[in-house]
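For the single chain, residues carry numbers from 1 onward in sequence order.
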Amino acid sequence: MSFVEYSELIQEGDVVIIFLGHDSMMPIKVQSGAQTQTRFGAIRHSSDLIGQRFGTKVTCSKGGWVYVLHPTPELWTVNLPHRTQILYTTDIANITLMLDLKPGSVVCESGTGSGSLSHSILRTIAPTGHLHTVEFHAQRAEKAIQEFKEHKVSHLVTVRNQDVCAEGFGITGVADAVFLDIPSPWEAVTHAKRAMKRKGGRLCSFSPCIEQVQKTCEALLNHGFEEICTLEVLLRVHDVRSVTLPLPDFGPEECGTNSTPSDLNQEEVPNTGNTSVICRTATPPREMAGHTGYLTFATKPRD
């Protein structure tokens with residue numbers, strides 16, 4: 001099992017996603033002889049998981065059943081243990097797109113946090129790219145290193161425990177893209193520019209407050225960055241449901257505007273009694289998630 005390569009069979013030591021329902025999932029590490037308790041009963045790792053195919057429907061001890069899914073960055077984002085506030089798929093998709101990430105890209109990231117964005121970056125840049133991620137908090141950095149090893153992506157990532165604003169990313173002139181998710185990103189712009197390749201590259205900064213955005217944009221301008229733009233991604237999911245719509249009454253049917261009175265159909269339209277129709281349609285939500293943060297993008301000019 002790897003977060004960047006698909007495996008057919010579940011093996012001991014793999015991380016799998018237990019699908020209990022549309023709003024209920026849980027990650028577990030497969031260990032021989034272990035059991036995992038769910039509301040449908042126990043899952044026995046040795047007999048129910050090891051050697052089975054990913055996607056298998058497993059019957060629990062109480063007779064209920066679950067699906068065992070292969071982990072993906074998207075599933076990990078909604079199931080990971082939160083050590084910090086995280087980025088979700090809506091913002092992550094725009095970040096990977098706007099940073100022009102692809103297989104072979106070299107990316108710098110700060111801070112690592114809970115690793116939500118890190119896993120999506122790693123899948124995008126695999127198999128030949130590399131992620132240099134910096135985490136200020138020592139325990140979070142150590143936990144990230146452990147998770148990357150368990151998820152079999154450690155060969156694609158280097159984790160550094162340091163202050164990016166004071167010490168930078170630890171590399172110079174190799175990054176295709178830089179992502180900043182720190183309280184004062186404007187203080188790291190100098191180090192970000194130093195880490196990027198001479199041929200240019202893209203930078204993204206995530207900030208929840210507009211004052212942070214203003215200072216960051218000013219720093220980017222002072223360091224010669226171009227194409228600076230800030231956007232906010234708001235997800236608006238429409239509900240698909242059945243609605244009842246009234247049938248309009250257009251009066252008696254006519255043959256055309258140029259018809260003579262003798263050409264008109266004088267018969268009345270029969271009254272079937274159907275004054276409404278039921279159809280499936282999309283309706284806007286009454287409530288929606290609000291602001292998460294601002295994404296500021298910029299391009300480093302070629303030296």
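- Remark: I278 CD1 is loosely packed, at most 12 non-hydrogen atoms of other residues, nucleotides or ligands lying under 6.0 Å away.
- With contacts defined as side-chain heavy-atom distances shorter than 4.5 Å, the pair T292/Y88 does not qualify.
- Taking 4.5 Å as the limit, some side-chain heavy atom of V240 sits within range of a side-chain heavy atom of R280.
- One finds the CD1 atom of I50 at 14.0 Å from the CZ atom of R44 (value rounded to the nearest 0.5 Å).
- With rounding to the nearest 0.5 Å, the separation of CZ in R140 from OG in S114 is 8.0 Å.
- For the pair P185 and S207, the minimum side-chain heavy-atom distance is below 4.5 Å.
- Scanning both residues, R160 and G170, for their nearest heavy atoms gives NH2-O, 3.8 Å.
- Shown here is E218, whose CD atom has no more than 12 heavy atoms of other residues, nucleotides or ligands within 6.0 Å.
- Across all their heavy atoms, L49 and I10 have their closest contact at O-CB, 3.4 Å.
- Enclosure of atom CD in E5 is not indicated, since only 12 or fewer non-hydrogen atoms of other residues, nucleotides or ligands lie within 6.0 angstrom.
- Across all their heavy atoms, A298 and L220 have their closest contact at CB-CD1, 3.9 Å.
- Looking at heavy atoms from C-beta onward, M1 lies in side-chain contact with F54 at the 4.5 angstrom threshold.
- Between C204 and M98, every side-chain heavy-atom pair lies at or beyond the 4.5 Å cut-off.
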Could you walk me through whether T244 and V277 pass side-chain contact (heavy atoms from CB on, under 4.5 Å), step by step? CA-CA 6 Å; T244 302; V277 62; over 6 Å; no
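- F225 is not connected to F179 by any chain of hydrophobic side-chain contacts under 4.5 Å among Ile, Leu, Val, Met, Phe, Trp and Tyr, and they are in different clusters.
- Residues T38 and M26 are in side-chain contact: their nearest non-hydrogen atoms beyond the backbone lie under 4.5 Å apart.
- For the atom pair CG of L295 and CG of N94, the computed distance is 6.5 Å after rounding to the nearest 0.5 Å.
- Cluster membership for Y294 and V233, using ILVMFWY side-chain heavy atoms within less than 4.5 angstrom, is not shared.
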Mind running ring pair (Phe, Tyr, Trp, His ring centres under 6.0 Å) on H151 and F3 for me, showing each step along the way? CA-CA 6 Å; H151 300 166; F3 272 63; 4.2 Å; yes
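- Of the possible donor and acceptor atoms, none in the side chain of H223 sits under 3.5 Å from a partner among the backbone N and O of K193.
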Just do the side-chain contact (heavy atoms from CB on, under 4.5 Å) check on F169 and R194 with the steps written out, would you? CA-CA 9 Å; F169 292 95; R194 185 178 299 117; over 6 Å; no
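- I182 and F297 fall into different hydrophobic clusters, where Ile, Leu, Val, Met, Phe, Trp and Tyr residues are linked whenever their side-chain heavy atoms come under 4.5 Å apart, directly or through other members.
- Under a hydrophobic-cluster definition in which Ile, Leu, Val, Met, Phe, Trp and Tyr are linked whenever side-chain heavy atoms come within less than 4.5 Å, directly or via other members, V213 and L87 are assigned to different clusters.
- Between the side chains of T296 and T230, at least one donor N or O lies within less than 3.5 Å of an accepting N or O.
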Apply side-chain contact (heavy atoms from CB on, under 4.5 Å) to residues S24 and R39 and explain how you reach the verdict. CA-CA 11 Å; S24 180; R39 66 173 182 264; 3.4 Å; yes
Passes salt bridge (charged side-chain N to carboxylate O under 4.0 Å, His left out), R202 versus D176? Steps please. CA-CA 7 Å; R202 293 280 286 168; D176 297 292; over 6 Å; no
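- Using a 4.5 Å heavy-atom cutoff, the side chains of P71 and P27 are not in contact.
- For the residue pair S110 and D181, no side-chain donor N or O sits within less than 3.5 Å of a side-chain acceptor on the partner.
- When atom types are taken as modelled, the side chain of S2 and the backbone of V4 share a donor-acceptor pair closer than 3.5 angstrom.
- Applying the side chain to side chain donor-acceptor pair (under 3.5 Å) criterion to E147, with sequence neighbours excluded, gives R83.
- Listed here is the closest heavy atom pair of K152 and D14: NZ-OD1, 3.6 Å.
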Test salt bridge (charged side-chain N to carboxylate O under 4.0 Å, His left out) on E74 and R123 and set out the steps. CA-CA 11 Å; E74 290 78 17; R123 182 185 58 185; 2.5 Å; yes
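- Atom CZ of F136 has 12 or fewer heavy atoms from other residues, nucleotides or ligands within 6.0 Å.
- Using a 4.5 Å heavy-atom threshold, the side chains of L122 and V157 count as touching.
- The environment of Q139 atom CD is sparse: at most 12 non-hydrogen atoms of other residues, nucleotides or ligands sit within 6.0 angstrom.
- The OG1 atom of T59 lies 15.0 Å from the NZ atom of K62; values are rounded to the nearest 0.5 Å.
- Residues E287 and R236 are not paired through a salt bridge, judged by the lack of any N-O separation under 4.0 Å between the basic side chain and the carboxylate.
- Clustering of Ile, Leu, Val, Met, Phe, Trp and Tyr side chains at separations under 4.5 Å places L75 together with I17, F19, M25, W65, Y67, L69, V78.
- Shown here for Q52 and S47, the closest heavy-atom pair between the two residues is NE2-O, 3.9 Å.
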Please determine whether side-chain contact (heavy atoms from CB on, under 4.5 Å) holds for the pair H70 and V16, giving the CA-CA distance in whole Å, both sets of side-chain angles, and the decisive distance to 0.1 Å. CA-CA 6 Å; H70 195 289; V16 301; over 6 Å; no
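- With values rounded to the nearest 0.5 angstrom, I171 atom CD1 is found 13.0 Å from H191 atom NE2.
- Of the possible donor and acceptor atoms, one in the side chain of T96 sits under 3.5 Å from a partner among the backbone N and O of A93.
- Neither side chain, H45 nor Q35, offers a donor N or O lying under 3.5 Å from an acceptor on the other.
- With hydrophobic clusters built from ILVMFWY side chains whose heavy atoms lie under 4.5 angstrom apart, V107 does not share a cluster with V164.
- The number of heavy-atom neighbours closer than 6.0 Å to CD of Q85, taken from other residues, nucleotides and ligands shown, is 12 or below.
- Looking at every heavy atom in both residues, H137 comes nearest to N161 through C-ND2, 3.6 Å.
- Here the side chain of E232 pairs no donor or acceptor atom with the backbone of G293 at under 3.5 angstrom.
- Residues T283 and H238 have side chains that never bring a donor and an acceptor to within less than 3.5 angstrom of each other.
- Between the CG atom in L245 and the OG1 atom in T281 there is a gap of 7.5 Å [rounded to 0.5 Å].
- A donor-acceptor pair under 3.5 Å links the side-chain atoms of S61 to the main chain of A42, judged by distance alone.
- Under the 3.5 Å distance criterion, the side-chain polar atoms of E135 are matched with a main-chain donor or acceptor of T112.
- Looking only at atom types and distance, the side chain of E109 has a donor-acceptor partner in the side chain of S118 under 3.5 Å away.
- Using modelled atom types, one finds a donor on one side chain and an acceptor on the other under 3.5 Å when comparing T77 with S116.
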Steps toward salt bridge (charged side-chain N to carboxylate O under 4.0 Å, His left out) verdict (R286, D239): CA-CA 10 Å; R286 296 180 180 179; D239 297 322; over 6 Å; no
